[in-house]
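This structure is a prediction, so every number in the text was calculated from the model and none was measured.
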Amino acid sequence: MSRDHVQSAPIGSAEAAYLELLARDASAEAYEQPVLLARAEGGLADRIAALERAKLLALRVRAELEGRRRREAELSALFETAHDLAGLRDLDAVLQAIVQRARSLLGTDVAYLTLNDPARGDTYMRVTEGSVSARFQQLRLGMGEGLGGLVAQTTRPYVTDDYFKDARFQHTRTIDAGVRDEGLVAILGVPLMLGPHVIGVLFAADRRARVFEREQIALVGSFAALAAAAIDTANLLTETRAALAGLERANEIIRDRSAVIERASDVHDRLAELVLRGGGVHDVAAAVSEVLDGTVEFCEADAAPAEALEASRAEGHAVRHGDDWIAAVAAGGELLGALVLRGHPGLDPVDQRTLERAAMVTSLLLLARRSAAEAERRVRGELLDDLLDARDRDPRLLRERAARLHADLDATHVVLAARLDGPAADADEEAAARRRLWSAASHLAATRHGLAAARDGGTVLLLPLAAGHTATELARRTARQLGTAVHQPVTVGASAPVTELTTHPETIATAYAEGRRCLDALHLLGRAGDGAAAEDFGFLGLLLAGDRDVAGFVDRTIGPVVSYDERRGTELLRTLDAYFDCGMSPARTKDALHVHVNTVAQRLERVGRLLGEDWQTPARALEIQLALRLHRLAAPNRR
């Protein structure tokens with residue numbers, strides 16, 4: 001305290017300075033200042049003695065006030081803990097609060113609580129506060145080991161000022177290593193009692209030597225009693241809830257028995273109705289999903305868990321796979337797929353039989369669908385065979401047969417020849433691959449309102465050509481779809497579009513021959529797995545095309561130039577003829593035409609815009625010259 005501050009009190013009043021120190025809750029060291037200052041100023045002995053008496057009295061008052069504050073804080077913490085216990089919802093939260101408050105009020109570095117584990121015959125760390133060591137937080141102690149063992153055996157609090165020098169309890173390497181990791185020195189432990197039994201120990205510890213006072217031991221004992229009460233309350237609540245849950249489960253079982261019987265009757269009626277009205281496998285899955293209050297899906301055999309699927313087929317029952325149930329869909333030893341009930345591990349036996357019954361119904365529907373599909377494929381193949389062989393020329397009968405298959409023979413079609421590419425291990429594998437190709441082609445034809453048949457070691461398809469599409473686009477798309485379906489490359493050759501199939505069915509055979517020539521050309525050119533039509537091969541297409549479509553080739557090659565001359569009265573064709581005759585030299589071309597070289601350049605620039613920038617490349621130039629020659633040869637006929 002400064003000299004001015006001490007002199008601010010009334011002269012002769014020794015108590016005034018200490019009252020001011022008490023009022024501002026000064027530290028204990030500050031109470032020496034008035035006496036030291038009086039001595040330094042040479043004060044009278046009576047005044048110094050009065051100051052000494054006032055100091056002692058003020059320190060006693062200060063200690064009493066601190067004690068009252070401490071007891072108030074302790075009582076407040078105990079009250080709050082008791083309040084937490086009264087509204088117990090989460091045992092861990094209550095125990096954590098107890099340990100936190102014990103550590104805070106005692107001012108220790110660490111507080112923790114251990115509980116006995118009767119099942120394992122040891123004690124484990126339940127809650128820690130202030131701990132920094134993972135090894136310490138995960139300690140498990142044998143019964144009777146360590147300071148906690150001594151507390152549990154004697155049912156009395158124990159204090160050690162220096163843990164590692166204390167020989168009153170049993171030291172173990174595991175416990176000592178955990179305490180050393182945490183750096184603890186002074187430890188106080190009090191028992192958690194439920195009646196006469198110790199169920200655990202509450203600890204307060206410091207990382208330095210310390211003497212715990214009697215009041216502090218009593219305070220930790222109060223917290224331990226509250227912790228034991230919280231654990232007992234939680235156990236009683238758990239037992240009560242378990243008993244109530246048991247009663248509720250019994251009630252639910254009674255209700256479920258009745259509901260299961262109703263569901264079994266319901267699913268029987270639904271499945272019977274589905275079979276009668278010709279429902280599909282996904283209709284069955286949807287109906288069973290609703291009855292079982294879950295998600296039931298049909299999946300192919302290769303998409304289901306192999307081990308569970310084989311077990312289901314062997315046992316003839318649905319089997320559990322994780323949280324799912326698998327019911328094999330089989331017929332005559334052949335696996336057709338599986339019904340999978342997703343995320344429903346607790347399946348009632350009656351519901352299990354319902355899933356198995358649904359799998360049996362699914363197998364019947366699949367067999368029926370397969371028989372119908374095979375019959376339809378056979379009928380489609382027979383009609384296409386008749387068209388290719390020109391056996392039945394009655395247009396009305398052809399239309400009627402096609403209409404029953406949802407095919408329209410009056411529309412524009414393309415004939416496609418498809419063949420597998422890729423080596424086969426043996427004859428059996430090759431035959432199996434051809435069957436897969438025919439099956440995939442038949443399915444594609446059915447979805448596209450066309451026809452398909454196995455022929456010449458491959459497959460032939462008759463597919464309608466949509467407006468705005470070309471035979472080339474259809475061939476490439478078909479090659480991709482069939483290749484994806486059979487998991488190996490499929491090459492497809494397409495004919496030019498054909499029409500009037502009912503009145504001229506012989507055109508189909510001609511178109512098939514053209515498609516096969518395109519197919520062979522693709523193989524010769526190394527374009528296995530691709531699709532193409534005669535129009536894709538330039539002048540080679542003239543040799544591949546069945547009707548030698550000269551006009552079509554000329555139109556595709558130089559049609560824009562012919563049309564431009566006809567509309568504008570220009571001489572682009574004459575200029576092109578002269579240009580090629582003069583070795584593609586503009587200078588010699590202008591002499592042959594008797595025009596300026598700029599005129600030749602302008603005309604050739606126009607040709608480039610009409611035919612494309614690559615018109616002078618060797619391949620394009622050859623086709624253009626052939627088209628010009630054919631155009632000249634056909635010109636007299638047009639006149």
Side-chain angles (χ1 to χ4, degrees), residues 90-92 117 119-120 124 138 238 241-275 279-370 436 484-485 487:
D90 183 349
L91 176 62
D92 287 336
D117 186 346
R120 295 183 54 169
Y124 65 96
Q138 298 168 8
T238 301
R241 288 169 182 158
L244 288 173
L247 291 174
E248 289 177 0
R249 280 196 299 272
N251 239 347
E252 289 172 359
I253 290 172
I254 294 172
R255 289 195 299 268
D256 286 347
R257 290 299 92 192
S258 175
V260 161
I261 294 172
E262 291 180 5
R263 287 202 303 274
S265 176
D266 182 30
V267 76
H268 180 272
D269 294 342
R270 292 190 183 203
L271 293 178
E273 181 187 356
L274 282 173
V275 172
V281 294
H282 297 292
D283 296 323
V284 173
V288 179
S289 296
E290 188 174 346
V291 172
L292 298 184
D293 192 23
T295 301
V296 177
E297 299 173 353
F298 172 78
C299 63
E300 301 295 337
D302 56 358
E307 187 176 344
L309 184 59
E310 187 58 38
S312 176
R313 179 174 68 166
E315 298 172 10
H317 297 291
V319 298
R320 183 173 171 182
H321 179 72
D323 288 341
D324 302 337
W325 283 82
I326 311 296
V329 176
E334 180 186 1
L335 272 175
L336 305 176
L339 284 186
V340 182
L341 174 60
R342 303 287 186 190
H344 213 307
L347 190 62
D348 184 275
V350 176
D351 287 342
Q352 182 180 344
R353 287 194 291 275
T354 296
L355 183 62
E356 293 163 0
R357 188 178 298 112
M360 182 180 65
V361 172
T362 301
S363 67
L364 294 175
L365 291 176
L366 285 174
L367 287 176
R369 187 176 69 178
R370 176 188 289 179
R436 289 197 301 272
T484 301
H487 305 293

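The distance from atom NE2 of H321 to atom CG of L341, rounded to the nearest 0.5 Å, is 13.0 Å.
Residues I326 and A338 approach most closely at CG2-CB, 4.1 Å, considering heavy atoms. Looking at every heavy atom in both residues, C299 comes nearest to V340 through SG-CG2, 3.7 Å. The minimum heavy-atom distance between V329 and L339, with the atom names listed, is CG2-N, 3.9 Å.
Remark: side-chain polar atoms of T295 are not paired, donor with acceptor, to backbone N or O of R342 under 3.5 angstrom.
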